[in-house]
Structure formats: C-alpha cells, structure tokens
Amino acid sequence: MSQFAINLLFVGASFALYIGIAIWARAGSTKDFYVAGGGVHPITNGMATAADWMSAASFISMAGLLASGGYANSSFLMGWTGGYVILAMLLAPYLRKFGKFTVPDFIGDRFYSNTARFVAIVCLIVASVTYVIGQMTGAGVAFSRFLEVSNTWGIWIAALIVFLYAVFGGMKGITYTQVAQYVVLIIAYTIPAIFIAMQLTGNPIPMFGMFSTHTESGVPLLEKLDEVVVALGFQDYTADVDNKLNMVLFTLSLMVGTAGLPHVIIRFFTVPKVADARWSAGWALVFIALLYLTAPAVGSMARLNLTTTIYPDLAGQVENVEEALQSSIQHGEITTTDAQGYALAEEWTNHPDVPEWMVTWAETGLIQFRDLNNDGRIQMYNDSADFSELGWAGSELEVNNDIMVLANPEIANLPGWVIGLIAAGGIAAALSTAAGLLLAISSAISHDLIKTMINPKISEKGEMLAARISMGGAILLATYLGLNPPGFAAQTVALAFGIAGASLFPALMMGIFSKRMNSKGAIAGMLAGLITTLLYIFTYLGWLFIPGTNMLANTPDNWILGISPLSFGAVGAMINFAVAFAVSSATEEPPQEIQDLVESVRYPKGAGVAVDH
C-alpha cells in the first residue's frame, strides 16, 4: 500500500469519526449549542479542553520553534502551561458560578453595561480571528503534505470539515469530537517520539531520552546537538537568552493570554458544578502535560536528525569538523529552477543521496533548495557566519519550521503507518482548536450581539440560525486569512494571546476580585489595552497584518526597550489594569447589587449548580 493510501486511510477514518460524533451529538437547543447542555463530566471536559487548547501551534509549530531556537523558545512551554494554573485557580470556578454562556455575557452583566459587552465582543473576535489564522495555516501545512495537494487546497478542505461538524454539532458536537481528537493527537505525537528516542538514545521515554547518551557518538544528546549547531555557525542549542526582559514579558504575555482566551474559558461553562470547573482545569493540565513534556525532546531530536541528514559525517565522533562539513549530501544535476533560483521539486530526485522525504516535502513548497556555489552539494548553515574559506556562498536549504514534527517520522525512516498516524494527529490538532474558536466567535455574534443587544425577542430557532450563519461567515474569514497569514502558526497564535491578555484577562480579573471596579473603568481599560497592543503589533507586522504596511522593520534594533511585538501583550495588560483603576477611582462606585454579586461570585462554596442571574 502506498504512503498516500495509508495517509488517506488514517485521515479519512478520523474525519468519518468526527462527523459521525457530530451527527450523534447534534445540538437541539441553544444551551446544547453554546455549553453542551451544561452536563459534561470533568474528565471528559478536561480532555476536550486539552484538545481545544493543543492547537496546530502546539502540535505542529511548537516543536519546530524549539528545534530552530532551542532554549530561547522554551518560553512557549512555560507561558502556555503557567496560564492554565492562573485559569484554574483565579478564573474558571468563579466564572462557572456566575452561570452564563460566554465571556461578553459575564463582562456585560458584571459591569452593568452593553457598551462593556460590545467592547468585550470586539476584543473576543479580534483575538479569536487572529488565533484561528494559525489553525488554518497549520491545517494547510498538514493537508498539503499528506493528501498531496497544494497548501491553498489544504486550507479549503480543513474549512469544509470544520464547517460540517461545528456548524451542526455546536458545543455538544465539538465537545465529544474534541475528546476523539485528543486521543488521536496524543497517540500521533508520542508514538513517533518514542521510536525516534529509541533510535537516537536507546531510551523509550522521549523526555528522558533528551538527557541520555546519543548512541552513535557516545556523548549526551544535547551536548552532541550543541556541537553540531555551533559547527554550522549557530548559537548553542542550550544557550541562555541575552534579552531577559523580553523573555519574561513574552512568558507573561502567553500566561495572561491563556487565561483570557474565550474559547478555553467557555469550556468551563459546560460542567454541572463549580467544583467540576476546578477539576476540569486540573485534568486538562494533566492531558496537556503529556504532550508538552514530550515537545522539547521532539524538537531537539528533529534538529539533530535534520542536520545529520544533510551532514552525515557530523553524526558520529568528529575528528575533523572541516572535513565533515565538506561531505554534505550531494544532489543531482539541476536544469530547471523557479524565478528565485530554487530547484523545482522534480529536480530533487536526480541523486541517490537526496532522501525521499526531502523530495515529497519539496512538492509542498515548504522545503526549498538552490545551489548557490554550483558544487553539486547541499549546504545548510547560519548565513550570518562566514564559511567562504570552504567555498560556500550562502545557506542553500530553507526548511519551514512548521514541518519539523510532521516530517520527523520520515526523516527517521519510521514505518508508513506512523506517518499516516501523525497526519491524522496534526490535522486533529488544527481542527479541534479551530472549531472551539469559531464557536466562541459565533456565540459572541449570535448570543451577545444579536440576542442580548439587538433583538432580545428573537426566538430560540432564530438564534440557532444566527449562530450557524455567523459560524459559516467566521470560517470563510478564517480561511481567507489562513491563505495570507502573518507568520508561522505558533507566532500568529502568540499574537492572539497578546491581544486576549491585554484586553479580556484584566477585565475578567477585576470583575471577579474588585468590587470597586465600575463599567467606565473596565471599558477604558479594555480599550486602552487592546488599542495600544494592536498599534504596537501593527507598527512592526503591518496594518491588519497586510505585508508591506509596517512602519518599522520587525528587528530588535527597532523594538522599544527591546520588547518584541509578541511580548507586548503583558505590557498591554498592565496598561489595561492601570487605566481601569485610575478611571474607576475617579468615577462613581458600582451599584450595591453589583457589589453584592461580586461578593457572592467570589465564594464558590454553597453553589452546587451554577447560579443564573
């Protein structure tokens, strides 16, 4: 059976499972559509939350970022897991006791203002749309390789599948589909990691294998990786970070963003009791940890595998580094190239040295090669390092970060069924989060905007129709933006976290813990946090992420105090808190009934079933 047929079998079977579950758990009411009827078991909800959470960024991009950036990119791990602790301890149980369907619901009622509700809807849509770009990008990468279609077609297929099960199933369909997707993605992530850890270190547990001895060279794996990347002009893989302020702010930005992400928060409205909200968050953290503890090992082993594929003589004990560098793999004669001089995919097959995985990934355009010095060999190194004495004219191989996890089984020559499994896992990761985000967007439009603010008399049937139409519209927008993304999947997602952390998280925290916070303070804070964060991001990444519209180049020299656009969410959150408290202190206190409401929400005890106000 060909690899394409195996991929089709795994991916097709997983799609049939998701759509079957959506039909079985079809939403029959708005309560089913928004919160799955409010009766989901904490372990089930924890697993669904983990799948909702572990997006294409976690599955596809994070190990790629760790592979390319080493320790410097470990902030992704620390920020995303730390945010879950904040969510479990400070937000989930209190929001569950409040007993509403959505985040704008809580903000609108707590701050007794439709203006606050509208600002929250805008913040939610901006954060969720930015986040969903990363999912569509990741799904496009997975589909384009494993179904052997173009990246564009991959994104359109992903959009169609999400449309089929999210629009009809609502939260009820999405919840049980996400449980299936979690099982698929965690098996797909860990099995290849176990195989690769065994190959490289003899240790079957990837997280321990990363600190074990590299079998071929006899030195610790991370020491070997440092030796290899330094030889190619890169910084040590385990090197510390110079810009500590930026790293701390980036980690904080991811933490507060995690705690403010609406598609994760609404998962805690689906459980029967307040205590179940805490348990859900605890179980989610356990299920997430299974993948997050494996990711650094996958990243480091992928980097070593890729580098030693290009330079086979660097894999063992190296006596002469210069000789090892000059014996990189050969390629065949190149007769046709594209406009930029890159070899066309079919040109890669002309030499036995070029592994098959490179040829198949070259067809997707996510790995590219050009022979700059016409020596018949492939060089891959840090372009800013000087290797002119070896006759090198620049790094000739470009590998998209997002393929590192998906290509890993092929790089390691694993069986075809493992490659099929990782195809299904990567696609499951992207689709599960996309569905949760699209539900958050559709409920904000149909429930918070149309039902609460524009037409309170709308029938339940009319609200369900509005929810499904708005979700269809959100899918089309997400697809368009996925075709023109502003960065790698994980970096695009980091921007969404910054936006959510700067706008929604402070409003939720102050709404729960400050009786003095009034509507004027909350609105001013949310607007200040959102606007300053967006302005900072757009200055470096372009207005609405449109290429060529940025006012400054996105380089450390141009960043204010060395703070990158990805890290600015933490600063935006501080601005939000400061403006909110200043405005609130200068204006009247909230009404007494709101202060009493805050008091009651702060004590989850005694509220078995959530209170609806």
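When every heavy atom of Thr533 is checked against every heavy atom of Gly572, the shortest pair comes out as OG1-CA, 3.5 Å. Here the shortest heavy-atom pairing between Ile107 and Ala507 reads CD1-CB, 4.0 Å. Across Trp357 and Thr309, no two heavy atoms sit closer than the pair NE1-CG2, 4.0 Å. For the residue pair Gly569 and Ala502, the shortest heavy atom distance occurs at O-CB, 3.7 Å. Of all non-hydrogen atoms in Ala259 and Leu508, the two that sit nearest each other are O-CD1, 4.5 Å. Between Gly425 and Ala188, the shortest heavy-atom distance links the atoms CA-CB, 3.6 Å.
Using a 4.5 Å heavy-atom threshold, the side chains of Met471 and Leu439 count as touching. Val184 is not listed as a side-chain neighbour of Ile427, based on a closest heavy-atom distance of 4.5 Å or more. For the pair Leu449 and Ile454, the minimum side-chain heavy-atom distance is below 4.5 Å. A heavy-atom distance below 4.5 Å is not found between the side chains of Tyr292 and Phe76. Within the 4.5 Å cutoff, no side-chain heavy atoms of Ile419 are placed close to those of Ile6. Contact of the Leu291 side chain with the Leu185 side chain is registered, since non-hydrogen atoms from C-beta on lie closer than 4.5 Å. Counting heavy atoms from C-beta on, the side chains of Ile422 and Pro192 come closer than 4.5 Å. The shortest side-chain heavy-atom distance between Phe538 and Pro565 does not fall under the 4.5 Å cut-off.
Although no hydrogens or angles enter the test, the distance criterion places a donor-acceptor pair under 3.5 Å between the side chain of Glu396 and the main chain of Leu372. Although no hydrogens or angles enter the test, the distance criterion places no donor-acceptor pair under 3.5 Å between the side chain of Tyr189 and the main chain of Thr294. Under the 3.5 Å distance criterion, the side-chain polar atoms of Thr190 are matched with a main-chain donor or acceptor of Ile186. Formation of a donor-acceptor pair under 3.5 Å by the Glu398 side chain with backbone atoms of Gln368 is not found in this model. Proximity of a side-chain donor or acceptor of Asn558 to a complementary backbone N or O of Leu552 within less than 3.5 Å is not detected. At distances below 3.5 Å, not a single donor-acceptor pair connects side-chain atoms of Asp383 with backbone N or O atoms of Gly394. For Asp448 (side chain) and Ile121 (main-chain N/O), no donor-acceptor pair under 3.5 Å exists by modelled atom type.
Note that CD of Gln178 and OG1 of Thr49 are 7.5 Å apart. Values are rounded to the nearest 0.5 Å. The CG atom of Leu254 lies 11.0 Å from the CG atom of Leu249; values are rounded to the nearest 0.5 Å. Distance check: Leu124 CG to Leu504 CG gives 6.0 Å after rounding to the nearest 0.5 Å. Between Leu438 atom CG and Ser128 atom OG the span is 8.5 Å, to the nearest 0.5 Å. We find the CE-CG distance between Met380 and Leu306 to be 4.0 Å, quoted to the nearest 0.5 Å. Note that CD1 of Ile499 is 9.5 Å distant from OG of Ser253, once rounded to the nearest 0.5 Å.
Atom CZ of Phe15 has more than 12 heavy atoms from other residues, nucleotides or ligands within 6.0 Å. By the neighbour-count criterion of 12 heavy atoms within 6.0 Å, atom OH of Tyr480 is sparsely surrounded, having that number or fewer from other residues, nucleotides or ligands.
Separation of the Tyr381 and Phe234 ring centroids does not fall under the 6.0 Å cut-off.
Test Ile187, Asn7, Leu414 against Leu421 for side chain to side chain contact (heavy atoms under 4.5 Å, CB included) and you get one pass: Ile187.
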